[in-house]
Amino acid sequence: MDERVSLIAALANQTAYGRKDVEAYIDGAPHIKHASLRRLYGKLVIEVYDEAARHAATPTVLDLGAGEGSVTLPFLELGAHVTAVDISSNQLNELREKCRRHSDRLEVHCQDINETLQNPTQKYDIVAVNSFLHHIPDYLSLIDKCTTLLNPHGIFFSFQDPLRYDSVALPSRVFTDIGYFLWRLSRGSKGDVIGGIRRRLRRRRGIYLEDCYSDNAEYHITRNGLDQNAIQSLLRERGFDCRLISYYSTQNSVFQPIGAALGLRNCFGLIARRAWAAT
Ligand SMILES: C[S@@+](CC[C@H](N)C(=O)[O-])C[C@H]1O[C@@H](n2cnc3c(N)ncnc32)[C@H](O)[C@@H]1O
């Protein structure tokens, strides 16, 4: 994929996350906002950490797109050494503050991950990409690079990405869209409902604008979601066993428990480890 597209997306993220205060970020981040999703995420973090800790006294984690630290923190609390990378200094300031009790096991790099991955100097026990892959235009290349950064028993761990939209069952899609629309409406002028509808209608016609940061920051949210099957195929080709965890996620606090109770699914996480190590 065109490097220019990656750069535009990276800069759009820098702008978007440079502007966002933490409260606004969490309101739009279901995996941090809702206790049920925090529980699911916490359970998976423990599972991944415990597996890594079987092979390393202090597991090392590379957290790409680490943001404000809500997901870096649990790994630190469990005892890992975390290298957190993000393009937004604004988000990383929050992360440093949130994780300051563990600063002896925390390394923070403010940079575009494309730079980070260009000349890697280290291998890791876990590469974590939480609520991140959908920001990266060529996420398959990114995942491919991540696999080369893992120690022999290393684990690739992703969470909170949208399932490929055309693979989501109609009831889940409709419920997701209505929940999202009502959440935007509930935010009043901050919700920018009219602007959102206009952008959606434009994108329906296949028109994306380079100078519209919302077209480029949440890159795959505004397109067709992530192709969970292509990701698994790639990882399997590289010798990994994959476990896909699909679940329901929305910013809307009323719709979240209802969608989950109805068994709807629109998001996924993935845990992948080398087949020979996955016993
Ligand atoms: C939705 S937030 C996720 C933050 C955190 N991982 C979480 O789960 O809450 C996405 C983060 O990715 C960062 N990001 C997006 N593109 C990036 C890039 N090319 N290089 C580094 N960070 C990037 C953004 O700045 C933002 O903090």
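Start at 1 and go down the list; that is how both ligands and their atoms are numbered. Along the sequence shown, the residues carry numbers beginning at 1.
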- Close N or O approach (Asn130, ligand 1; < 3.5 Å): yes
- Item | Name of the residue among Tyr139, Tyr165, Tyr208 meeting ring-ring contact (aromatic ring centres under 6.0 Å, His included) with His220 | Tyr139
- Query: When only distance counts, is Gln91 in polar contact with ligand 1, meaning an N/O pair under 3.5 Å?
  - Reply: no
- Would you say Glu218 touches ligand 1, if touching means a heavy atom closer than 4.0 Å? no
- Task: Using the ring of Tyr219 (Phe, Tyr or Trp, six-membered ring only), decide whether Arg223 places NZ or CZ under 6.0 Å from its centre and within 45 degrees of its axis.
- Result: yes
- Tell me, which pairs form a ring pair (Phe, Tyr, Trp, His ring centres under 6.0 Å) where one or both residues lie in residues 29-83, sequence neighbours left out? Tyr41-Phe157, Tyr41-Phe159, His55-His153
- Task: Considering heavy atoms of the protein only, find what lies nearest to atom 12 (O) of ligand 1 and give residue, atom and distance to 0.1 Å.
- Result: Phe132 CD1, 3.4 Å
- Message: So for ligand 1, is Ile113 a polar contact partner (N or O within less than 3.5 Å, distance only)?
- Response: yes
- Is there at least one pair of N or O atoms, one from Val85 and one from ligand 1, spaced under 3.5 Å apart? no
- Work out whether the distance between some heavy atom of Tyr25 and some atom of ligand 1 is less than 4.0 Å. yes
- Task: For a side chain to side chain donor-acceptor pair (under 3.5 Å) with Arg265, tell me which candidate from Ser167, Ser249, Ser172, Ser246 qualifies.
- Result: Ser246
- Shortest protein heavy-atom distance from atom 10 (C) of ligand 1, along with the residue and atom involved: His135 NE2, 3.5 Å
- With a 4.0 Å cut-off on heavy atoms, does Asp86 reach ligand 1? yes
- Task: For the pair Phe255 and Phe175, evaluate ring-ring contact (aromatic ring centres under 6.0 Å, His included) and give the outcome as yes or no after the intermediate values.
- Result: CA-CA 8 Å; Phe255 276 48; Phe175 201 74; 4.5 Å; yes
- Message: Can you tell me if Ala29 contacts ligand 1 (heavy atom of the residue under 4.0 Å from the ligand)?
- Response: no
- Query: Nearest non-hydrogen atom to atom 6 (N) of ligand 1 belongs to which of Ser6, Gly28, Ala10, Gly65?
  - Reply: Gly65
- Message: So, 4.0 Å and heavy atoms of His31: is ligand 1 close enough to count as a contact?
- Response: yes
